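Here is the structure we will look at, set down as structure tokens.
All heavy atoms count here, side chains included; hydrogens, waters and symmetry mates do not. Here the structure is a predicted model, which is why all the values come from computation and not from measurement.
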Amino acid sequence: MYVGADARTRTDRQGWSEALPEQPLQARTLIETGSEEGAEVMFGEAGWLRLGPATLLKLVRLPHQGGVGRIHLLRGTLQVEGSDAMLLAVRTPILRLRLRGAAWMETTAQETALAVHRGTAELRARRQKLTLQAPAGVRLARHQRPRPLRLPEPVRWDDTAPRLLVATAPLGQGPVSVEVTLAFAPVPHAGRYLIETARDSSFRQVLRRADIPSPPVHARLEPGLHHLRVIALGAAGLPSAPSTPLALRVVSVRSNATVDRSASSDLVALRLARPLGATLEISGAGLPLRARIDDGPELDCRDARTIHLGPGEHRVHLSVEQVPTEVRVAVAAPPPPPSPPPPPVGEGTMPLGVPVPLLVPGFPARALEPRTRAWALLGVGAATSAHSLDVYRLDLGGEIALLRQNLSLDANLPVLYQRLDETGRPTLGDAQIGFRAVALRLFANRLALGPLLRLQLPTGTFVRPDELGPHPVLLDPAVALAGVLGPVALLATHGPTAVLAVPSPMLRWSTSHVVELRLGWLGIVAELDAALGMGGASSGAALSGGLRARLPGERTGRWHLLTLARGGLGASGEALFGRYYAGIGLAWQLR
């Protein structure tokens, strides 16, 4: 006897007791099954009875004792599988029948359903007799006459070959499973289909049951051996004979690789992709799984085994009881190590990068190191010693670095420029465009040499001094030498500055010397500018200073707050560079 959980037996001499496996049974024994599982009674070669859940049955006479076996099915479901020699008399609350062959029946106090899958059944109800020849059935309620019903044909699978499926999951993850789709041909006169899954081919212990309206079957299976069968249910709810069971073996492969399911639509083929290296944990979950990597020896993977794979295309051959499948693993070769970045040279020896007032010889505060950045600067100042404040302006500009930050183009436009001693209306200033390049780097990029050029165009709409004319053009080429020594950065520029397209062109030799001290997020800059007049042009000098503070945070770390101040030295310096000029601004720089 096979028993499930909560099954119990009772005899005339003893009360209820727990049913035990291989328990011998005698006549006049009651068997009751629990709500979840059933029981099975074996009669040797004569056949067997399988009780469903929540079933109560009485063995009146055992078939192997000779003569006719007799049972009372008081409630629940019963499956009978008997030999041609076994004759079984069955009594339910509704009818009596004599059965030879295989059948399924279900009964309550008010109704009995019978399906004969093999052999014949003679039944009697309400003094009516009916003989059923398989396949046929009947559903009979109390006080009704029995009438035969047609049973659906058994389901036929499209493919009955044994299958080996691979369930995949990341390493260290919880339970693993695989989803499978199984096709079968629809059965005429079938209203729905009952799917049963069990660990054994005899379906003694059904793990799960499910109803589906039509094929195919979609199932999610955990590692192990599974048997699936389908029972077609007719319009009256009578079942067909079960289909041939399908044997499905599921093994697990856990990996740190990614599953590429688009590489194959086959149920038994997967592709795993992993850069640099892959680790596989292969387990048969108790099945006799054998694994072979490429052309290597076979490995016993009944229990979990860990395998490491290097770069290349690998084939992992898996088999259980002569049923094969394959897993392919693609491991990319490691990329070559990146070339070491050049040693940092700071952010340029002139981090302010701020334009200067109009028509001033030289362009102080220029950096040699190209950068991609943008700035806005608001400034005020006095052009001559006769006024304490007579000029204000708003400059917008930007720079873009090219050729791996060895060349850059820049532009600046005073969008608001006004002299307070003029009309008082806002005017546009002169636009400036230019470029810078690094031609030579020495000492691990700590010393750099390159050309600078700035061109100032007469786009301004303000009133100009008479000696300059209406359309002056300022051309300022220079050669710059930049160096970095610890937290100190130095810059020196030398070159001619020419004022063209005016009644009296002017030429000066302009020099600029900048030193910057970097203290983490703060940069302190000092600058000395000088212009030596040539051909009668005036000369002068100016001294400048400024701060740049990097704003904290990941999002604001590219923004800098700028301040600057410059003043002419002496009367000649004030006449050439202006009395003073001060500004504050904001700059954004791409790292």
Tell me whether S539 contacts the main-chain N or O of G533 through its side chain, where contact means a donor paired with an acceptor under 3.5 Å. yes

Side-chain contact test, heavy atoms from C-beta onward, threshold under 4.5 Å: evaluate it for F435 versus L455 and give yes or no. no

Minimum-distance pair of heavy atoms, taken over all atoms of A376 and L396: CB-CD2, 3.5 Å

Can you tell me how far CG of D395 sits from CG of N412, rounded to the nearest 0.5 angstrom? 4.5 Å

Trace of the side-chain contact (heavy atoms from CB on, under 4.5 Å) decision for V253 with L318: CA-CA 10 Å; V253 175; L318 305 175; 4.3 Å; yes

Is it the case that more than 12 heavy atoms not belonging to L485 sit under 6.0 Å from its CG atom? no

Between CG of L299 and CG of L289, what distance do you get to the nearest 0.5 Å? 9.5 Å

Determine whether a donor-acceptor pair (N or O, by modelled atom type, separation under 3.5 Å) exists between the side chain of T459 and the backbone of G429. yes

Heavy-atom closest contact (P496 atom, P477 atom, distance): O-CD, 3.1 Å

Contact between L547 and I524 at the side-chain level, heavy atoms closer than 4.5 Å - yes or no? yes

Does any part of the side chain of S544, heavy atoms only, come nearer than 4.5 Å to the side chain of L564, both counted from C-beta? no

Is a donor on one side and an acceptor on the other found under 3.5 Å between the side chain of R579 and the backbone of G568? no

If you measure from CG on L586 to CG on L562, what distance do you get to the nearest 0.5 Å? 7.0 Å

Student check: side-chain heavy atoms of L447 and L481 closer than 4.5 Å: yes

Check whether any side-chain heavy atom of T306 lies under 4.5 Å from a side-chain heavy atom of T279, and answer yes or no. yes

Sidechain-backbone polar pair: S252 side chain, P223 backbone, donor-acceptor under 3.5 Å: no

Pair L368-L449, side-chain contact (heavy atoms from CB on, under 4.5 Å): steps then yes or no: CA-CA 8 Å; L368 173 61; L449 179 69; 5.7 Å; no

Apply side-chain contact (heavy atoms from CB on, under 4.5 Å) to the pair L474 and T497, showing each step before the final yes or no. CA-CA 7 Å; L474 190 129; T497 300; 4.2 Å; yes

How long is the span from the OG1 atom in T197 to the CG atom in L246, to the nearest 0.5 Å? 10.5 Å

Using side chain to side chain contact (heavy atoms under 4.5 Å, CB included) as the criterion, point out the one residue from L491, V525, L490 that pairs with V515. L490

So, H494 versus T511: side-chain donor-acceptor pair below 3.5 Å or not? no

I need the minimum non-hydrogen distance between A478 and T493, along with the two atoms involved. CB-CB, 4.5 Å

Do side-chain atoms of R508 reach the backbone of S538 as a donor and acceptor pair under 3.5 angstrom? yes

Do side-chain atoms of R305 reach the backbone of D300 as a donor and acceptor pair under 3.5 angstrom? yes

How about R436 and R454: do any of their side-chain heavy atoms sit closer than 4.5 Å? yes

Does some side-chain heavy atom of L207 sit less than 4.5 Å from a side-chain heavy atom of R199? yes

Donor-acceptor pair, Y580 side chain versus E574 backbone, under 3.5 Å? no

For D294 and H317, the nearest pair of non-hydrogen atoms, with its separation, is O-CD2, 3.5 Å

Can a salt bridge be assigned to the pair E298 and R292 using a cut-off of 4.0 Å between side-chain N and carboxylate O? no

Given E399 and R371, is the salt bridge (charged side-chain N to carboxylate O under 4.0 Å, His left out) satisfied, shown in steps? CA-CA 7 Å; E399 178 185 357; R371 289 288 184 268; over 6 Å; no

Quick one: does any side-chain atom of D430 pair with a main-chain N or O of G460 as donor and acceptor, under 3.5 Å? yes

T168 versus S255: any side-chain heavy-atom pair under 4.5 Å? no

Separation of S319 OG from L287 CG (nearest 0.5 Å): 11.5 Å

Minimum heavy-atom separation for A411 and I433, please, with both atom names. CB-CG2, 4.1 Å

Interatomic spacing from CG in L457 to CD in Q432 - rounded to 0.5 Å: 9.0 Å

Determine yes or no for a side-chain-to-main-chain donor-acceptor pair under 3.5 angstrom, with D410 supplying the side chain and G398 the backbone. no

Which pair of heavy atoms, one from L407 and one from P370, lies closest together, and at what distance? N-CG, 3.7 Å

